[in-house]
Every structure is written in structure tokens, then in C-alpha cells.
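Here the structure comes first, spelled out in C-alpha cells, and everything after it is commentary.
Note that the coordinates shown come from a computational prediction; the quantities given were computed from them, not determined experimentally. Residue numbers begin at 1 in each chain, while the letters A, B, ... track the order of the sequences.
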Number of protein chains: 2
Amino acid sequence: MNEPAELDPVDLRILSALQNNARLLNKELAATVGVAPSTCLDRVNRLRESGVVTGYGVDVDPAKLGRPLQAFLYIRVQPHRSALVDPFVEHVLGQPETRGLWHLTGADDFMVHVATEDAHSLQRLVLDAFTAREEVTRVRTNLIFQHWAGRPLLPPETGTG
Amino acid sequence: MNEPAELDPVDLRILSALQNNARLLNKELAATVGVAPSTCLDRVNRLRESGVVTGYGVDVDPAKLGRPLQAFLYIRVQPHRSALVDPFVEHVLGQPETRGLWHLTGADDFMVHVATEDAHSLQRLVLDAFTAREEVTRVRTNLIFQHWAGRPLLPPETGTG
DNA sequence: AATGAAAGTTATTGTTC
DNA sequence: GAACAATAACTTTCATT
């Protein structure tokens with residue numbers, strides 16, 4: 001189920017093109033990768049069915065939504081049992097400022113990506129939604145100056161192909 | 001240019017629906033938010049023209065691409081002038097393992113999200129692509145156990161609407 | 001600014017190679 | 001597995017309210 005999918009050069013070109021612009025028309029995508037539209041549609045459907053493509057999303061500008069200040073919060077959680085972690089995860093995902101949550105190795109168990117209106121609302125979020133909770137023993141805050149998206153993600157070079 | 005956009009309840013419902021599934025047909029999206037397809041198309045175009053929606057992307061499963069091990073690298077960079085930072089950024093974005101890069105406040109200047117084949121290739125990436133560079137003075141590595149996506153991002157509550 | 005209908009394109013299917 | 005041709009569906013425009 002979670003084994004790597006077998007992907008030929010056409011699949012890789014499709015994945016690369018779609019990660020650059022998921023709104024390409026199937027007709028345009030087919031021309032870009034060099035196959036017929038029906039073939040291209042077949043490949044894209046297979047990429048979804050095989051779980052390589054898990055979904056489609058829009059990129060929004062948080063500043064345009066009135067949330068120009070973004071930050072990462074690094075959260076240390078006390079007992080660290082599932083019974084306590086699950087409600088914590090739900091609580092974090094329930095905050096309207098939350099853009100993403102990661103469970104990490106290391107001293108800081110969780111990392112939260114948040115987008116806020118200003119420094120004051122960020123402070124209020126940290127104090128009320130995180131520090132105030134019993135299982136949270138420490139919150140570290142790093143503001144985001146700038147973000148760059150990575151190139152399209154492709155499989156590692158296999159050497160032989 | 002970077003002021004928040006003025007968004008009415010229809011815009012907010014569109015943004016919410018599209019962030020859940022950007023592949024909704026315009027017809028379906030219109031029905032979901034309760035307006036005519038032509039009106040809906042108009043709204044979506046305006047959201048793009050105003051810069052609220054910046055692009056469309058596919059979500060891929062890194063494990064299915066043969067990159068099941070993901071990590072965040074926290075990088076301390078020495079002199080920290082633009083003349084040295086720009087080549088560093090280009091270098092990081094040029095790595096096929098890089099999924100994202102952030103410039104942060106705090107002691108660790110940069111955070112890199114990477115997806116690798118296994119622990120060995122992660123080690124090789126850290127040593128060859130980061131530690132080996134002159135401007136890099138320290139690299140901290142945290143593996144990712146699990147990731148949760150946030151809910152659709154919407155503007156802060158304004159109180160009056 | 002939103003609607004409804006008409007025209008133009010596209011997605012999608014079935015068939016053949 | 002890929003390409004072609006035909007149908008069904010959608011997107012997009014425009015005149016109207």
C-alpha cells in the first residue's frame with residue numbers, strides 16, 4: 001500500500017507539470033508531456049488511484065486575507081501519551097490561525113505553522129491557545145521572514161532508470 | 001498592493017470550498033456556494049486577479065515517490081549578508097530533496113523541509129549539501145513523524161462582519 | 001452585480017491498432 | 001498501452017434584469 005509507485009518518464013513529466021500548475025487543461029498537459037489527451041487523462045487518473053496524487057489545492061496569500069504575520073510555534077508536551085496527544089492535535093487543528101501541524105523528533109514535540117493578523121493576536125494565540133493548556137510545558141515562537149516553495153518533488157535518481 | 005482584499009460571504013465560501021478541493025468543477029462550486037455558475041466564475045477570476053488565490057497545486061505522497069523519510073533542517077548561516085544569503089537560497093532550492101525553505105527569526109536562520117529515500121541519503125544530504133558549505137555553521141535535523149494539514153485559511157473575525 | 005441562455009471547447013468514452 | 005473519433009458535459013461569453 002505504501003510502496004513506491006512504478007513511474008515511467010511520461011508519469012514524471014506529468015507530475016512535474018502538475019506541481020508547477022495543477023490547473024493545466026488536460027489538453028494542454030497532454031501536449032506538454034507529448035501524449036494524446038485520452039492517454040494523458042488515463043495517466044492522471046492512474047496517478048490518483050495509485051495514491052501518488054492525493055489531492056488538489058489552491059495557494060492563498062495569507063496577507064490578502066488579513067493575516068500578514070506568520071510564525072512557527074515549537075511546542076513541548078508533557079506526558080506524551082496518545083490519550084493526551086489526540087485531544088491536543090484536535091485543539092491545534094481547530095484554531096483558525098493553524099496552517100499546518102507536525103509531530104517531530106527532538107525536544108520540541110510539535111511544530112505549528114500559524115498565520116495571524118499582527119503581533120498582538122499572535123501573542124494572544126500563544127498565551128490562550130497553547131501556554132494555557134496543561135499538557136503544554138513550553139512554547140517557542142519563530143516569526144517567518146520569507147518563504148520559498150521547493151521545485152516539483154520527483155523520485156530519487158535510480159542510476160539505471 | 002498587499003492590503004487585505006474585501007471579501008463578502010460568497011467569496012469566503014468559495015475560498016473554503018476550493019481549499020478543501022481545488023478540482024471542483026465551476027458548476028459544482030457554484031452549487032456549493034449558492035450562486036449561478038457565471039457568477040461563480042466571475043468571483044473566482046476576481047480572487048485570482050486580486051492576488052488572494054496565487055496558484056493551484058497538486059498534493060503528492062512523498063512515500064509513493066520513493067521518499068518516505070521527511071525532515072526539517074535548521075540551518076545557522078554565518079555572515080548573514082544578502083550577498084551570501086542569495087546563493088545559499090538558490091543552492092537549497094536546487095536540491096531535489098527540498099520541499100520548502102523558510103527564513104526565520106531566531107538563532108537558526110533557515111528551516112528546510114526535505115523528503116529523502118532513507119536515513120543514509122538524509123545523512124549524505126546534510127553532510128554534502130549543507131554542512132560542507134562555508135557559510136553554514138550549524139545544522140540541526142528533526143525527523144517528521146506525522147503531518148496534519150490545517151483547515152482552510154480564512155480572514156480573522158472582524159466583529160461586525 | 002447577478003442571472004439565464006447560447007456558443008465554443010473540453011473532458012470522456014468506446015473502438016481500433 | 002496508446003491513439004482516433006464521437007458524444008456528452010462543461011466553461012465562458014453576452015445580453016438582460
(request) Could you check how far CD of A:E6 sits from P of D:dG1, rounded to whole Å? (result) 11 Å
(request) Give the rounded distance in Å between these two atoms: CG of B:L29 and C1' of D:dT12. (result) 15 Å
(request) Give the rounded distance in Å between these two atoms: CG of A:L24 and P of D:dT11. (result) 16 Å
(request) Take atom CD of B:E28 and atom P of D:dC10, then tell me their distance rounded to the nearest Å. (result) 7 Å
(request) Ignoring backbone atoms, establish whether A:R43 has a side-chain N or O less than 4.0 Å from OP1 or OP2 of D:dA2. (result) yes
(request) From the options D:dT12, C:dA11, D:dG1, select the nucleotide whose nearest atom is closest to the side chain of A:R46. (result) D:dG1
(request) Report yes if a donor N or O on one partner sits less than 3.5 Å from an acceptor N or O on the other, where the partners are the side chain of A:S38 and the base of D:dC4; otherwise report no. (result) yes
(message) Measuring from the side chain of B:N26 (C-beta onward, heavy atoms only), which nucleotide among C:dT12, D:dT11, C:dA2 has the closest atom?
(response) D:dT11
(message) Assess whether a salt bridge exists between B:R43 and B:D8, defined as any Lys/Arg side-chain N lying under 4.0 Å from an Asp/Glu carboxylate O.
(response) yes
(request) Please state how far atom NZ in A:K27 lies from atom P in C:dG8, giving the value in whole angstrom units. (result) 15 Å
(request) Round to a whole Å and report the spacing from CG of A:D11 to P of D:dG1. (result) 11 Å
(request) Please determine, by modelled atom types, if A:D42 and A:T39 share a side-chain donor-acceptor pair under 3.5 angstrom. (result) no
(request) Please report, rounded to the nearest Å, how far the C1' atom of D:dT12 is from the CG atom of A:L25. (result) 12 Å
(request) Give the rounded distance in Å between these two atoms: CG of A:N45 and C1' of D:dA2. (result) 15 Å
(message) Using ring centroids (six-membered ring only for Trp), state whether A:F72 and B:W102 fall under 6.0 Å.
(response) yes
(message) Which nucleotide wins on minimum distance to the side chain of A:L41, given the candidates C:dA2, C:dT12, D:dT12?
(response) C:dT12
(message) Just verifying a value: how many Å separate A:S16 OG and A:N21 CG, rounded to the nearest 0.5 Å?
(response) 11.5 Å
